[in-house]
Structures are given as structure tokens and as C-alpha cells.
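All of these numbers come straight from a predicted model, not from anything done at the bench.
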Amino acid sequence: MAGELGCMLVRHPQNYGKGAALRSGFLAVQRAADLILTIDADGQHDPREVPRFLQRLRQSGLDIVVGDRMSRRGAMPRDRYLSNRLSSAVLSVVAGVAIRDSQCGFRLFRAKVLEKISLTTTYFETESEFLVKAAWAGFKIGTVSIAATYASQRSHISRWRDTLRFLKLMIALLRERSGLGQTKCRTEKE
């Protein structure tokens, strides 16, 4: 459908992970755009809220605006709510910036952010890596409260595998930040 609307499509021959898809998309547009918007394709986010992201970014001087589902969580399943709160707390400590909903895929940011950071992960932890590295590079991160729709769709996040990837990334980033040697944040397909 997006192709029928004149959108540029970037495809992988097989599923390499959400992070790999994001990185390929970023590479395809970062030099041609000033702003980049990401929105999950599962229908959870309402595209009509995009103007609120633009307004927040422009009026506040922010570099990154992340959707915040926590204040308007609606029917968010309890396990998702708790895991999001925990991962956001850990990420906020590592990044040094409070981010209430670090796992939200609805984001708007300035393309210049990608010029200053290097992403190495390929799965769901890529969005976390992006926020930490952007915060460390001095970019201003803020949020905008959004609603989220939770139908009967099942999350593609694997509770154990993706939690381990997230924790591995946070430890690797902390090691990198403290100068305890080279890190390998890259995660390979299992």
C-alpha cells in the first residue's frame, strides 16, 4: 500500500530484525530529509498525532521526540506496562536522561542525530541504543503523550531473548562509556 502512495520502499530479502529495518530506512533517507519519523506498523499508533510531534519538536528546540504511552496507557497489557517501565528506568539511568517510554516506536527526530551516532544492533534493542547514544552525544530528548491502541495483536518481542539483548546492550554501553575496553553491541540472528 505504501508503494501505491508513492512512498519509497526499502526491503530486505528476509527478516533481519526491526533494528536492521530501521537502520536501512535511516540510511536511505538521512541525507534527503531534515526530519525522520518512525511509527510502528502494527496499528498501535494514530498517525493523526504526527502534528503534535512536529509542534513539540519545533516549539521546544528538541532534537528527538519520543511518544509516551505511559500517561495514556489505556488497555496496555499489564506485563507490557511493567516491562516498559523497568526498561525505561534502566535506559534512563544509562542515558543520563529521563525517558518515560523508551520502548515506544513512534518517534520524530532530526536527521543530524544519525550523523553523530553509530548504530550496531539489529533487533528491538536498536531503539534503545539510539536513545542512549543520542543522549550521550548531547542531543535533547523529549516526549509527547500519545494514546495507543491495543487490539488482539500479539507482540513480536520475545520476553526472554529480547530482554537479554536489551540487558547485554546496556552493559556493553556502560562498559564503552566507562572505557573498559571495546564493546560489541551487535547482535546476530539466532
Side-chain angles (χ1 to χ4, degrees), residues 2 5 7-10 12 16-72 84 87-148 157 162 165-166 169-170 172-173 176-177 185-187:
L5 296 172
C7 296
M8 173 180 44
L9 298 178
V10 179
H12 289 162
Y16 294 117
K18 181 179 183 180
L22 286 169
R23 289 172 50 200
S24 293
F26 295 161
L27 186 62
V29 300
Q30 78 182 56
R31 301 231 188 273
D34 294 326
L35 300 175
I36 297 174
L37 176 84
T38 64
I39 186 169
D40 291 343
D42 60 5
Q44 185 183 114
H45 308 303
D46 185 351
R48 292 176 294 190
E49 294 196 275
V50 170
R52 296 180 61 239
F53 282 76
L54 289 164
Q55 181 181 23
R56 176 90 167 106
L57 186 100
R58 290 184 174 137
Q59 289 181 348
S60 63
L62 295 170
D63 299 300
I64 302 165
V65 177
V66 181
D68 175 11
R69 301 166 292 176
M70 297 299 112
S71 58
R72 295 168 57 192
N84 283 352
S87 59
S88 293
V90 170
L91 185 138
S92 294
V93 168
V94 173
V97 174
I99 301 169
R100 287 180 42 90
D101 188 3
S102 65
Q103 304 310 302
C104 184
F106 199 176
R107 301 171 179 203
L108 177 68
F109 61 93
R110 299 181 192 281
K112 69 180 181 180
V113 174
L114 295 172
E115 296 171 9
K116 301 290 183 189
I117 65 172
S118 174
L119 300 172
T120 61
T121 55
T122 56
Y123 292 100
F124 287 104
E125 74 277 20
T126 300
E127 291 168 318
S128 298
E129 178 187 20
F130 174 87
L131 290 174
V132 170
K133 289 182 174 179
W136 287 354
F139 291 105
K140 296 178 191 169
I141 303 171
T143 61
V144 64
S145 177
I146 62 167
I157 294 175
D162 289 313
R165 285 181 179 140
F166 173 81
L169 171 68
M170 292 300 110
L173 289 170
E176 178 183 324
R177 185 71 163 180
C185 297
R186 183 175 182 85
T187 55

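- Scanning for ring pair (Phe, Tyr, Trp, His ring centres under 6.0 Å) contacts around Phe53 gives Phe106, with sequence neighbours left out.
- Looking at every heavy atom in both residues, Leu62 comes nearest to Gly142 through CD1-CA, 3.6 Å.
- Residues meeting the salt bridge (charged side-chain N to carboxylate O under 4.0 Å, His left out) test with Arg110, sequence neighbours left out: Asp63.
- Of all the heavy atoms in Asn84 and Ser87, the pair that sits closest is O-OG, 3.3 Å.
- Separation of atoms SG (Cys104) and NE2 (His45) is listed at 4.0 Å; rounding is to 0.5 Å.
- Asp68 is linked by a side chain to side chain donor-acceptor pair (under 3.5 Å) to Arg100, counting only residues two or more places apart in sequence or in another chain.
- Closest of all the heavy-atom pairs between Arg23 and Thr122 is NH1-CG2, 3.5 Å.
- In this structure, the separation between CG on Leu35 and CG on Leu57 is 6.0 Å, given to the nearest 0.5 Å.
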Donor-acceptor contacts under 3.5 Å from residues 24-34 side chains, at least two apart:
from  : atom 1 : to    : atom 2 : distance (Å)
Ser24 : OG     : His12 : NE2    : 2.7
Ser24 : OG     : Ala20 : O      : 3.2

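- Every residue meeting the side chain to side chain donor-acceptor pair (under 3.5 Å) condition with Thr126, not counting sequence neighbours, appears here in chain and number order: Thr121.
- No donor-acceptor distance shorter than 3.5 angstrom exists from the side chain of Thr143 to the backbone of Val66, with no hydrogens or angles considered.
- In this structure, the salt bridge (charged side-chain N to carboxylate O under 4.0 Å, His left out) partners of Glu49, at least two apart in sequence or on a different chain, are Arg52, Arg72.
- The CD1 atom of Ile39 lies 11.0 Å from the CG atom of Leu108; values are rounded to the nearest 0.5 Å.
- The structure places CG of Leu37 at 7.5 Å from CG of Leu54, a figure rounded to the nearest 0.5 Å.
- Legend: residues meeting side chain to side chain donor-acceptor pair (under 3.5 Å) with Ser60, ordered by chain and number and at least two apart, are absent.
- Phe130 is linked by a ring pair (Phe, Tyr, Trp, His ring centres under 6.0 Å) to Phe109, counting only residues two or more places apart in sequence or in another chain.
- In this structure the side chain of Thr38 never reaches within 4.5 angstrom of the side chain of Lys18, judged on heavy atoms.
- With a 4.5 Å cut-off on side-chain heavy atoms, Glu129 and Lys133 count as touching.
- Looking at every heavy atom in both residues, Ile99 comes nearest to Ser92 through N-OG, 2.9 Å.
- Ser128 is linked by a side chain to side chain contact (heavy atoms under 4.5 Å, CB included) to Leu91, Gln103, Phe166, Leu169, Met170, counting only residues two or more places apart in sequence or in another chain.
- Taking CG of Leu119 as the start and CG of Leu22 as the end, the distance is 9.0 Å to the nearest 0.5 Å.
- Rounding to the nearest 0.5 angstrom, the gap separating the CD atom in Glu176 from the CH2 atom in Trp136 is 5.5 Å.
- Heavy atoms only, all atoms of each residue included: Ile146 and Gly67 are closest at CD1-CA, 4.0 Å.
- Remark: Lys140 engages no residue in a salt bridge (charged side-chain N to carboxylate O under 4.0 Å, His left out) (not counting sequence neighbours).
- Here the closest non-hydrogen pair linking Ser102 and Leu131 is O-CD1, 3.7 Å.
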